[in-house]
Amino acid sequence: MIEFTNVKLMYVKEFYALYNVNFKVNNGERVALTGALDSGKTSLLRIFAKLEKPNSGEICYNDIPLSDIDYEKDLSVAYVANTPILLKGTVRKNIEYVLKIRKCPNADRSQIIDKALDDFALKAVANEKIKNISMYHKRLLQFAMLSIRPRIDVLLVDDILGGLSEAEYKNVKEILKTFMNKKGTTTFFACSDEVLAKELCDKIVYLKLGAVDKIESARLKI
């Protein structure tokens, strides 16, 4: 169970990006965060990713405050940002970096990297620098880097389907669905498309001006 209790986040004085956010999510549930621009969707994800610290309130995972949880040892949290968080080197080097920080033996790295490149159709750009590849390939790389993790307990996805061609959109959406449907993974998916939210998720949390406006079950399944 993940529980948000009276969570507030203030970026500047007298302006709340999040205000008294309260809701619960069951483990393994797929939750859409929807709302207009600046409704608080990204702020909520960034707090869970520990990229922002709330001014007040608390988020608990299985009754343990996130502040007491070590994301390297106790909980595997993956954040797929709207603006991809990648190194300046090549596509291959980005995947290799994930293996390095996770202390994967050197002897195993080449095979794992090649498989990830193959699985996500990145072989053609493997030695290209990040600045030279398209947003579509950056999205594929984000998932390739996640694929080498042994598990993902909580997946945070921030509105990643914009700016793609129709074919690219369909492919990235199918990849996203594969990650969201993994057993044991709880997903928070921020998007402004209510139809897409209903297609991919079990529950929709509507945000308005940083507060929870309403919560509904998703009914559309395609």
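Note that the coordinates shown come from a computational prediction; the quantities given were computed from them, not determined experimentally.
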Single-linkage hydrophobic cluster Ile215~Val21, side-chain heavy atoms < 4.5 angstrom: yes

Nonpolar side-chain network containing Tyr206, other nodes, edges under 4.5 Å: Ile204

Heavy-atom pair with the smallest gap, counting every atom of Arg92 and Ile113: NH1-CG2, 3.5 Å

Listed once per pair and sorted, the salt bridge (charged side-chain N to carboxylate O under 4.0 Å, His left out) pairs that draw on residues 44-68, sequence neighbours left out: Arg46-Glu52

Side-chain ion pair, Glu168 and Arg139, N-O less than 4.0 Å: no

Common cluster, Leu87/Leu146, ILVMFWY with side-chain heavy-atom separation under 4.5 Å: no

Cluster overlap Met1 with Val205, hydrophobic side-chain contacts below 4.5 Å: no

Arg30 and its side-chain contact (heavy atoms from CB on, under 4.5 Å) partner, picked from Thr185, Leu155, Thr187: Thr187

Steps toward salt bridge (charged side-chain N to carboxylate O under 4.0 Å, His left out) verdict (Glu29, Lys203): CA-CA 8 Å; Glu29 201 165 23; Lys203 177 187 293 182; 3.4 Å; yes

More than 12 heavy atoms of other groups within 6.0 Å of Lys24 NZ: no

Minimum side-chain heavy-atom gap Glu128-His137 below 4.5 Å: no

Working for salt bridge (charged side-chain N to carboxylate O under 4.0 Å, His left out), residues Lys170 and Glu166: CA-CA 6 Å; Lys170 288 180 179 178; Glu166 183 178 354; 3.5 Å; yes

Side-chain H-bond candidate by donor/acceptor type, Thr90 with Asn127, under 3.5 Å: no

Sidechain-backbone polar pair: Asn22 side chain, Asn6 backbone, donor-acceptor under 3.5 Å: yes

4.5 Å side-chain heavy-atom contact, Glu3 and Ile59: no

Closest non-hydrogen atom pair, Pro84 against Gln142: CA-NE2, 3.5 Å

Side-chain heavy-atom pair Cys104, Ile112 within 4.5 angstrom cut-off: yes

N/O donor-acceptor pair under 3.5 Å between Asp153 side chain and Ser76 backbone: yes

side-chain contact (heavy atoms from CB on, under 4.5 Å) evaluation trace for Val154 with Ile2: CA-CA 10 Å; Val154 181; Ile2 297 171; 4.2 Å; yes

Modelled atom types, side-chain donor and acceptor of Asn27 and Asn62, under 3.5 Å: yes

Partner of Arg109 under side-chain contact (heavy atoms from CB on, under 4.5 Å), chosen from Leu99, Ile148, Asp114, Val98: Leu99

Test log, rule side-chain contact (heavy atoms from CB on, under 4.5 Å), inputs Asn20 and Val7: CA-CA 5 Å; Asn20 277 357; Val7 175; over 6 Å; no

side-chain contact (heavy atoms from CB on, under 4.5 Å) evaluation trace for Leu196 with Tyr169: CA-CA 12 Å; Leu196 180 63; Tyr169 176 97; 3.7 Å; yes

Side chain to side chain donor-acceptor pair (under 3.5 Å) assessment of Asn171 paired with Tyr136: CA-CA 10 Å; Asn171 191 40; Tyr136 173 60; 2.7 Å; yes

Ring-ring centroid check Phe120 Phe143, cutoff 6.0 Å: no

Chi angles and distances behind the side chain to side chain donor-acceptor pair (under 3.5 Å) call for Ser43, Tyr11: CA-CA 10 Å; Ser43 295; Tyr11 287 125; 3.1 Å; yes

Trace of the side-chain contact (heavy atoms from CB on, under 4.5 Å) decision for Phe188 with Leu44: CA-CA 9 Å; Phe188 292 90; Leu44 204 56; 5.9 Å; no

Heavy-atom side-chain proximity of Asn55 to Met10 below 4.5 angstrom: yes

Side chains of Tyr79 and Ile85 in contact at under 4.5 Å (non-hydrogen atoms): yes

Asp213 side chain reached by Leu207 side chain, heavy atoms, under 4.5 Å: no

Co-membership, hydrophobic cluster, residues Ile64 and Leu75, 4.5 Å side-chain: yes

Within one Ile-Leu-Val-Met-Phe-Trp-Tyr cluster: Leu9 and Leu51, side-chain cutoff 4.5 Å: yes

Within 45° cone and under 6.0 Å: Lys73 NZ/CZ vs Tyr71 ring: no

Atom CZ of Phe23: over 12 foreign heavy atoms under 6.0 Å: yes

Working for salt bridge (charged side-chain N to carboxylate O under 4.0 Å, His left out), residues Lys198 and Glu216: CA-CA 10 Å; Lys198 289 182 177 180; Glu216 293 181 348; 5.1 Å; no

For the student: nearest non-hydrogen atoms of Leu122 and Ala144, plus distance: CD1-CB, 3.9 Å

Residue pair Asp119 / Ser147, side-chain heavy-atom distance below 4.5 Å: no

Ala36 backbone acceptor or donor facing Lys41 side chain under 3.5 Å: yes

